[in-house]
Asks: 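Following this message is one structure expressed as structure tokens.
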Amino acid sequence: MTTGFPAARRCPGMRDLSPADMARFHRIAEAFRGVVGAWGYGEVRTPTIEYLHLFTGAGTLSPQMLGRVYSFLDWDGWSGERVVLRPDATIPAARLYTERFAPGEDVRLSYVQNVFRFADGEDSREDWQCGVERLGAAAPQADLELILLGLAVLRALGLPVPTVRVSHTGVVRALMERAGLDAEEQLALYDRIREGDLEGLAVIEARLPDLPTPLRFLFQTDGDRAYVANVRAALADRVPEALAPLQELTTIAETLSALGEPYRVSMALARNFEYYTGLVFRFDVAETRVGGGGRYDRLLAQVSGHDVPASGFALEVDAIVPLLPVQAEDRGVDFVVRAATLDPALLARAHEVAAALRERGLVVALNGAPKQAAEVIVEGAEQLRLRQAGRESVFSSIEKLADVVIDVDGPDE
Amino acid sequence: MSTIKLALPAGDLRAESGRLLLGAGIDVSEYAEGSRLYHFRLEQPDVRVRVFREKDVPIQIALGNYALGICGGVWIAEAHARYPNDDVVPLRPFGFGVRRVYAAAHGDPAQALRFRPVRIVSEYPNLAERYALAMRFPDYRVMPVHGAAEAYPPEDAEIALLDAADEATVEALGLRPLQRVYEGGAWLVANRRALEGSDLSPLLRPLLAIAPPFRDEPGLSLPSRRNAGASVPRPDNRRDVVRLAVPDGHQQRHAHASLTSAGLTFDGYSDSTWVRRPTSAIDGLEVKVIRPQDMPQQVALGNYDLALTGRDWLADHLYAFPGSPVREAVDLGRSRYSLAAVVPDGLPADTIDGALALWGDREIRVASEYANTADHYARLRRIRRYRVIPINGASEGFVPEDADILIEGTETGTTLRANRLKAIDSFFLSTNCLIRSTRPVEGRRAALIEDIVSRLRAAAVTAPPFQANLQGRVADSGY
């Protein structure tokens, strides 16, 4: 939009949110808070700045993500210890858990927070997330709760037919461990598979020649609970380590089927294989990924030394905004009230009139150009001129004026 | 055809780069070994040449001040490690000036790497960060130093990332090589936008045709291992000794004079020669030679109890980290010079306000070896839009082409006048000083520290106080 002002520079990847943008943001945040609050999740807020070391250990942020964090030396960083602008909301929530709760305590936390990650050009570098963390609760009940909760939030927003895709990192991990791949090799191969490079599967197949079926079968297809049963039939004998994760997937799939929820199961879904340890899932709306999460049972041990089961998800506000149903976002100003002169008594009276109209549920601004339909001019203590839709009327009290404007433009509309 | 701006390295790469350019038919005889010229011009092709410290070349290329340059690949890697999207395009290696950077530890690396935090010291702080992240240390500290990284392990760091010809050289320094992190020589580099939109062919054609043709180098090599071992606290082996850091370089003779006046003499530390660990006849006093620029941080970290450095370096440290637990103990009064804002002597302004009025609302480039001081100066002088360009020496030629203001130390003004520069705002007096930690010390160590402080206080040279005209912290407290 051209404003006529000389352009002032804005940092690349950083955005302003207009009043209309903020109205949409609040719709999402409030719907999210309403639903997760009803499910027992208490909202937290963690600091924007955290120590870098919180995110550097194995099993926290991936090396790719670490290469995009905003890290710097704070004013008291003389020791060389770097801090970061929060690049992820889950790890700080896990840190908060270790400070505020007993190890293993079952806790439900939620947040509406921004995360900062460098991106090229004008791609967003500050993203808002609505997320929940279930800490201290074991799979699969906690994972099932999170999937259903995410779907409930998306429905509360009025989004068209949200669906969920589920997977389990334990299945692929069992295959790769049985094939004798070390941690580095597992990471590299998993990334290839997730990006659709199925040739990488030949590495596993070469080391497991007694597999009953080519692994492409597992990774080229997806399905529902029947698919899980078929995968189980294919791997049960040769990769028994995959049975436990497949059992968790079966439980989730059958429960979602019983509830009539739309879902699909696939074998390679998680974006951060190193971080997730169990069930992973992502939410889609109209073929757009709007969020996701999963189980990260090793993270708390990294942060605190205590093994605590944990899982969570985050919804991406920027992905959801374009999908929101159209709604009048901004009611605007109903009335402008101004004093006819700069007489202090009239100025004070104008404030009294505005306050009285606001008490009646109207949005009232003081002064300014009367772009809105109605304008109240305070001409005397007992003389209030109302200009509305090309007509003018004079009232002798706030009450008489209010009765008329409420009837015409009141908050019942 | 427009002028091509070429950045060439001073220092170790100078002679080979000169021979290479002459061999390619580019007449840079003014750049020959032994020359002190910082800039000159060629007619055919039309090239403006500027000589920088090698480390500054990729910065100047990234800023777009120069279209082409030659520098060690390690400095490109160091810049890319922090700014992977910078505008520096490596075009080809030349095969000379090969440098290897090793990560090295003292003693048993398996033990040292389990300490939390792992302390890494290096002239290449960005490569050190990359190394630490690749190692997945759950906690680490990178200590940037201006040289002598090998001096820090084992007392003051677990790992040093340092230049060495080979593993045997690392071992000769008393360290055990863990990994070669970088190997590569001199490279031709270009600014991305210049490459996209300017005709550089008069220089590119001969430089790319130099034999042998392009052959890639090992370059950056990061570890793939993960540090999964449990962390252990670092033992404190230094509780009974007082540690004193003394400087090498320009400050050495002044520090030696101050120490001698105080009756403190050390075997292996004269006014011109030194060994890394001079010995003291005073029981319980350990002495080490390190760069004066690095001393404030080392004292803040508790690695040293006392250090002889310059007030300029202490101030530069405190501008970045005002809460750092290091303070001046004694102004020793020697090595006296001013820090000043320096501009070309042809600029029709004699004050900083006058210069700012001339420049108007455009961005002001402030170059300095004292990057934190330059930043502090720009903020206190309310320069609205500015950019600090950190440099590593050879500063005289920076203004006016590559910077508007130079924050520079000046003693008599002779060097400035020789380079057609002038100081328009002297704002800080630097002398050599003794610095100490603000942390409490008890017992025998406290008594020895106080003894050294009082001896040096008695030996301090007194001089008229300097009236700092920079408002704020400098004028209030000396820093």
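Here is the naming used below: chain letters follow the sequence lines, and residue numbers restart at 1 for every chain. These values consider heavy atoms only, across backbone and side chains, with no hydrogens, waters or symmetry-generated copies.
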Asks: Please flag which part of Asp139(B) lies under 4.5 Å from any non-hydrogen atom of chain A: side chain, backbone, both or neither.
Replies: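 Contact with chain A: backbone and side chain both.
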Asks: Identify the heavy atoms of Tyr319(B) and Trp75(A) that sit nearest to each other, and give their distance.
Replies: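 Closest approach of Tyr319(B) to Trp75(A): O-CZ3, 3.1 Å.
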Asks: Can you confirm whether Tyr140(B) sits close enough to His53(A) that some side-chain heavy atom of one is under 4.5 Å from a side-chain heavy atom of the other?
Replies: no
Asks: Rounded to the nearest 0.5 Å, what separation is found between the OG atom of Ser79(A) and the CE atom of Met143(B)?
Replies: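 That separation rounds to 9.5 Å.
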Asks: For Ala320(B), which atoms come within 4.5 Å of any heavy atom of chain A: side chain, backbone, both, or neither?
Replies: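 For Ala320(B), the backbone is the part near chain A, not the side chain.
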Asks: Mind checking the CG-CZ spacing from Leu73(A) to Arg141(B)? Nearest 0.5 Å is all I need.
Replies: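 Between atom CG of Leu73(A) and atom CZ of Arg141(B) there are 10.5 Å.
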Asks: Is it true that, when you exclude Arg192(B) itself, more than 12 heavy atoms of the residues, nucleotides or ligands shown sit nearer than 6.0 Å to its CZ?
Replies: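 Yes, because the 6.0 Å sphere around CZ of Arg192(B) holds more than 12 heavy atoms from other groups.
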Asks: If I measure from the heavy atoms of chain B, does Asp182(A) come under 4.5 Å with its side chain, its backbone, both, or neither?
Replies: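 The answer is neither part of Asp182(A).
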Asks: Could you check if a side-chain atom of Val326(B) sits within less than 4.5 angstrom of a side-chain atom of Trp78(A), using non-hydrogen atoms only?
Replies: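 A side-chain contact is absent here, since even the closest heavy-atom pair is not under 4.5 Å.
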Asks: Taking atom OH of Tyr70(A) as the centre, does the number of heavy atoms from other residues, nucleotides or ligands within less than 6.0 Å exceed 12?
Replies: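 Atom OH in Tyr70(A) is crowded, with more than 12 foreign heavy atoms closer than 6.0 Å.
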Asks: Considering only heavy atoms, which portion of Phe118(A) lies under 4.5 Å from any heavy atom of chain B: side chain, backbone, both, or neither?
Replies: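 Answer is side chain: those atoms of Phe118(A) sit under 4.5 Å from chain B.
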Asks: Mark yes when over 12 heavy atoms from residues, nucleotides or ligands other than Arg379(B) sit less than 6.0 Å from its CZ; otherwise mark no.
Replies: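 Atom CZ in Arg379(B) is crowded, with more than 12 foreign heavy atoms closer than 6.0 Å.
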Asks: For the residue pair Arg82(B) / Ser71(A), report whether a side-chain donor-acceptor contact shorter than 3.5 Å exists.
Replies: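 Yes.
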Asks: Inspect the surroundings of CZ in Arg362(B) and state if more than 12 heavy atoms from other residues, nucleotides or ligands are less than 6.0 Å away.
Replies: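 Above 12, so yes.
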Asks: Decide if atom CZ of Arg10(A) counts as having more than 12 heavy atoms of other residues, nucleotides or ligands within a radius under 6.0 Å.
Replies: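 Yes, the 6.0 Å shell around CZ holds more than 12 heavy atoms from other groups.
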Asks: Is Leu52(A) close to Glu129(B) at the side-chain level, that is, under 4.5 Å between some pair of heavy atoms?
Replies: yes
Asks: Hey, is OH on Tyr83(B) packed in by over 12 heavy atoms from elsewhere, all under 6.0 Å?
Replies: no
Asks: Please answer whether the main-chain N or O of Phe137(B) pairs with a side-chain N or O of Thr56(A) as donor and acceptor at a distance below 3.5 Å.
Replies: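 Side chain of Thr56(A) to backbone of Phe137(B), a donor-acceptor pair under 3.5 Å: yes, one is there.
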